[in-house]
J.: 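Below is one structure. I have some questions about it.
Owing to the predicted nature of the structure, the values given are computational and were not obtained by experimental measurement.
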Amino acid sequence: MTRADPPDAATETLRGGPRRRRVRAPGGGRGVPLPLLVPALIGVAFLTVPLVALLVRAPWRGMPEQLTSAAVWQALQLSLVCATAATAVSLVLGVPLAWLLARVEFPGRGLVRALVTLPLVLPPVVGGVALLMALGRNGVVGKWLDAWFGITLPFTTAGVVVAEAFVAMPFLVISVEGTLRAADPRYEEAATTLGASRFTAFRRVTLPLIAPGVAAGAVLAWARALGEFGATITFAGNFPGRTQTMPLAVYLALQSDPEAAIALSLVLLAVSVAVLAGLRDRWMAAG
């Protein structure tokens, strides 16, 4: 066979098979069908116009005065503290839960996963009612907490943390479980064969491997906790300085001072943009 001759099937087999050719979209990817382009543009407008309107109608001249009031800083500080505490609770409980769902085969694992992810689709108000029925003074668990330890969670700052952790933890569990499933379990097995315990293998081998997924899940959980409204107002109430977080302050200000509500909304919008910027490599990278 000369160099000009095409390779036969045997030669291609020895070389690992014929080279794959890239398949390009019809028209080289330049042409976009009109029935797809129009709904796509309407969808972009539907999602971006309200945010642009928020910026257009913002009281920029009175913004410093609105954001420097004591009530705003009180609500902002409470939101940051509670969201951070809820994220810490989610990390302590959610990372082991994600490892259990990803690495351990047990009866009813699918049901457990469904129950863990249920708060993602559950209306937040329903979640708040469920927390009241479970942890209220007359709740299934709350009455024993009150009788034995004197602990009362509803309408307290701790109740805000509980409500935010309830709705935020599934985001972290899903992110960490997906990262664990993508990680090679043979590293853990190799560590255990060398004498490491299962927990040591998780702490020294698995946890460093899944650290980016844990960080991404923690950021998502923190952002979700910061914006929580329904479960918080139902389970913890709306008491300034104690349970009034930023979303509750926005709701209250909208009834009496719309400009203050817009200013507070812009703060939460800036936080959301910062979260997206922090996760750009994971969620916004192309390819």
J.: Would you compute the distance between atom CG of Leu248 and atom OG1 of Thr243 and round it to the nearest 0.5 angstrom?
T.: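 That separation rounds to 6.5 Å.
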J.: Sorted by first residue and then second, give each salt bridge (Lys or Arg N to Asp or Glu O under 4.0 Å) pair with at least one member in residues 206-233; sequence neighbours left out.
T.: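 Pairs touching residues 206-233 that pass the test: Arg224-Glu228.
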J.: Minimum heavy-atom separation for Gly217 to Ser175, with atom names?
T.: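 Taking Gly217 first and Ser175 second, the nearest heavy atoms are N-OG, 3.5 Å.
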J.: Would you mind listing every side chain to side chain donor-acceptor pair (under 3.5 Å) that reaches into residues 204-221, with sequence neighbours excluded?
T.: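 As it turns out, the side chain to side chain donor-acceptor pair (under 3.5 Å) pairs with a partner in residues 204-221, which skip direct neighbours, are Glu188-Thr206.
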J.: Taking side chain to side chain donor-acceptor pair (under 3.5 Å) as the definition, give me every residue that meets it alongside Arg109, ordered by chain and number, with sequence neighbours left out.
T.: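 Partners of Arg109 by the side chain to side chain donor-acceptor pair (under 3.5 Å) criterion, ordered by chain and then number, come out as Glu105.
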J.: Among the clusters formed by ILVMFWY side chains lying less than 4.5 Å apart, do Val173 and Leu111 turn up in the same one?
T.: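 No, it is not one cluster - the side chains of Val173 and Leu111 are not joined through contacts under 4.5 Å.
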J.: For side chain to side chain contact (heavy atoms under 4.5 Å, CB included), just list the numbers for Phe171 and Val176, CA-CA rounded to whole Å, side-chain angles, deciding distance to a tenth of an Å, and then say yes or no.
T.: CA-CA 9 Å; Phe171 288 87; Val176 176; over 6 Å; no
J.: How would you list, by chain and number, every residue that makes a side chain to side chain donor-acceptor pair (under 3.5 Å) with Thr200, sequence neighbours excluded?
T.: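 Listed in chain order: Ser197.
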J.: Just grab all the salt bridge (Lys or Arg N to Asp or Glu O under 4.0 Å) pairs involving residues 84-95, residues at least two apart or on different chains.
T.: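 Output for this query is empty, none listed.
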J.: For Ala183, which residues count as a side-chain contact (heavy atoms from CB on, under 4.5 Å) partner, sequence neighbours excluded?
T.: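 Result, side-chain contact (heavy atoms from CB on, under 4.5 Å) vs Ala183: Arg103, Ile210.
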J.: Side chains of Pro119 and Phe166: closer than 4.5 Å at any heavy-atom pair?
T.: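 Yes, close enough: below the 4.5 Å cut-off.
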J.: Once side chain to side chain donor-acceptor pair (under 3.5 Å) is applied, what residue pairs with a partner in residues 113-137 remain, sequence neighbours excluded?
T.: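 Side chain to side chain donor-acceptor pair (under 3.5 Å) check on residues 113-137 returns Arg113-Glu177.
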J.: Does the side chain of Val72 come within less than 4.5 Å of Leu264's, by heavy atoms?
T.: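 Yes; the side chains approach each other to less than 4.5 Å.
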J.: Looking at every heavy atom in both Ala261 and Ala253, which two are closest together, and how far apart are they?
T.: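 In this case the closest contact between Ala261 and Ala253 is N-CB, 3.8 Å.
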J.: Do Pro212 and Thr179 touch side chain to side chain, with heavy atoms closer than 4.5 Å?
T.: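 No, side chains not in contact.
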J.: Would you mind writing out the side-chain donor-acceptor pairs for residues 86-100 within the sub-3.5 Å range, not counting sequence neighbours?
T.:
{"residue": "Thr87", "atom": "OG1", "partner": "Ala83", "partner atom": "O", "Å": "2.8"}
{"residue": "Ser90", "atom": "OG", "partner": "Ala86", "partner atom": "O", "Å": "2.9"}

J.: CE/Met63 to CD1/Ile262 distance, rounded to the nearest 0.5 angstrom?
T.: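 Here the rounded value is 8.5 Å.
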J.: Checking Leu268 now: which residues fulfil side-chain contact (heavy atoms from CB on, under 4.5 Å) with it, not counting sequence neighbours?
T.: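 For Leu268 the side-chain contact (heavy atoms from CB on, under 4.5 Å) partners, ignoring immediate neighbours, are Leu226, Met246, Pro247, Val250.
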J.: About how many Å separate CG of Asn238 and CD1 of Ile233, when rounded to the nearest 0.5 Å?
T.: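 It is 5.0 Å, given to the nearest 0.5 Å.
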J.: If you apply the rule side chain to side chain contact (heavy atoms under 4.5 Å, CB included), what do you find for Leu76 with Val267, and how did you get there?
T.: CA-CA 9 Å; Leu76 180 59; Val267 174; 4.3 Å; yes
J.: Going by atom type alone, with no hydrogens or angles, which donor-acceptor pairs under 3.5 Å involve a side-chain atom of residues 149-156 and a protein atom two or more places apart or on another chain?
T.:
{"residue": "Thr156", "atom": "OG1", "partner": "Leu153", "partner atom": "O", "Å": "2.5"}
{"residue": "Thr156", "atom": "OG1", "partner": "Gly159", "partner atom": "N", "Å": "3.1"}

J.: Treating Thr234 as the side-chain partner and Val129 as the backbone partner, does any N or O pair qualify as donor plus acceptor under 3.5 Å?
T.: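 Judged by distance alone, no pair lies under 3.5 Å.
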J.: For Ala75 and Ala249, which heavy atoms make the closest approach, and how far apart are they?
T.: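 Between these two residues, the closest heavy atoms are CB-CB, 4.0 Å.
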J.: Tell me if a side-chain donor or acceptor on Thr232 pairs with a main-chain N or O of Val160 at a distance below 3.5 Å.
T.: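 Not a single qualifying donor-acceptor pair exists.
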J.: Quick one: pull up NZ in Lys143 and CH2 in Trp148 and give me the separation to the nearest 0.5 Å.
T.: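 Here the rounded value is 10.5 Å.
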J.: For the residue pair Leu80 and Trp222, establish whether any side-chain heavy-atom pair is separated by less than 4.5 Å.
T.: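 In short, these two side chains touch, coming nearer than 4.5 Å.
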J.: Please say yes or no: joined through hydrophobic side-chain contacts below 4.5 Å, possibly via intermediate residues, are Val56 and Leu54 part of one cluster?
T.: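 In one cluster with Val56: Leu54, no.
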J.: Looking only at heavy atoms, what is the nearest atom pair of Cys82 and Thr157, with distance?
T.: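 Looks like SG-CG2, 3.8 Å.
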J.: Between Leu122 and Val167, is any pair of side-chain heavy atoms under 4.5 Å apart?
T.: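 Leu122 vs Val167: side chains apart.
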J.: Would you say Phe229 ends up clustered with Leu78 if hydrophobic residues are merged whenever their side chains have heavy atoms under 4.5 Å apart, either directly or through other cluster members?
T.: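 Different clusters: Leu78 never reaches Phe229 through Ile, Leu, Val, Met, Phe, Trp or Tyr contacts under 4.5 Å.
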J.: So, using side-chain contact (heavy atoms from CB on, under 4.5 Å) as the criterion, who are the partners of Leu55 when residues are at least two apart?
T.: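 Applying side-chain contact (heavy atoms from CB on, under 4.5 Å) to Leu55 gives Trp60, Leu266, Leu269.
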J.: So Phe235 and Leu135, do their side chains get closer than 4.5 Å, heavy atoms only?
T.: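 They are in side-chain contact.
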J.: Where is the tightest heavy-atom contact between Leu172 and Ala221, given as atom of each residue plus distance?
T.: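 Heavy atoms of Leu172 and Ala221 come nearest at CB-CB, 4.3 Å.
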J.: Can you sort out the partners of Arg61 under side chain to side chain donor-acceptor pair (under 3.5 Å), two or more places apart, ordered by chain and number?
T.: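 Per chain and number, Arg61 pairs via side chain to side chain donor-acceptor pair (under 3.5 Å) with no residue.
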J.: Give a yes or no on whether Phe239 atom CZ has more than 12 heavy-atom contacts from other residues, nucleotides or ligands under 6.0 Å away.
T.: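 Yes, enclosed.
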J.: Do Val140 and Met133 pass the side chain to side chain contact (heavy atoms under 4.5 Å, CB included) test, and can you show the C-alpha distance, the side-chain angles, and the key distance before you say yes or no?
T.: CA-CA 7 Å; Val140 176; Met133 296 301 102; 5.9 Å; no
J.: Flag yes if Val112 and Leu180 sit in one hydrophobic cluster, no otherwise; membership is Ile, Leu, Val, Met, Phe, Trp, Tyr, and two members link when side-chain heavy atoms are under 4.5 Å apart.
T.: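 Result: yes, single cluster for both.
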J.: Under 4.5 Å between side-chain heavy atoms, counting indirect links through other Ile/Leu/Val/Met/Phe/Trp/Tyr residues: same cluster for Phe202 and Phe106 or not?
T.: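 Yes, it is one cluster - the side chains of Phe202 and Phe106 are joined through contacts under 4.5 Å.
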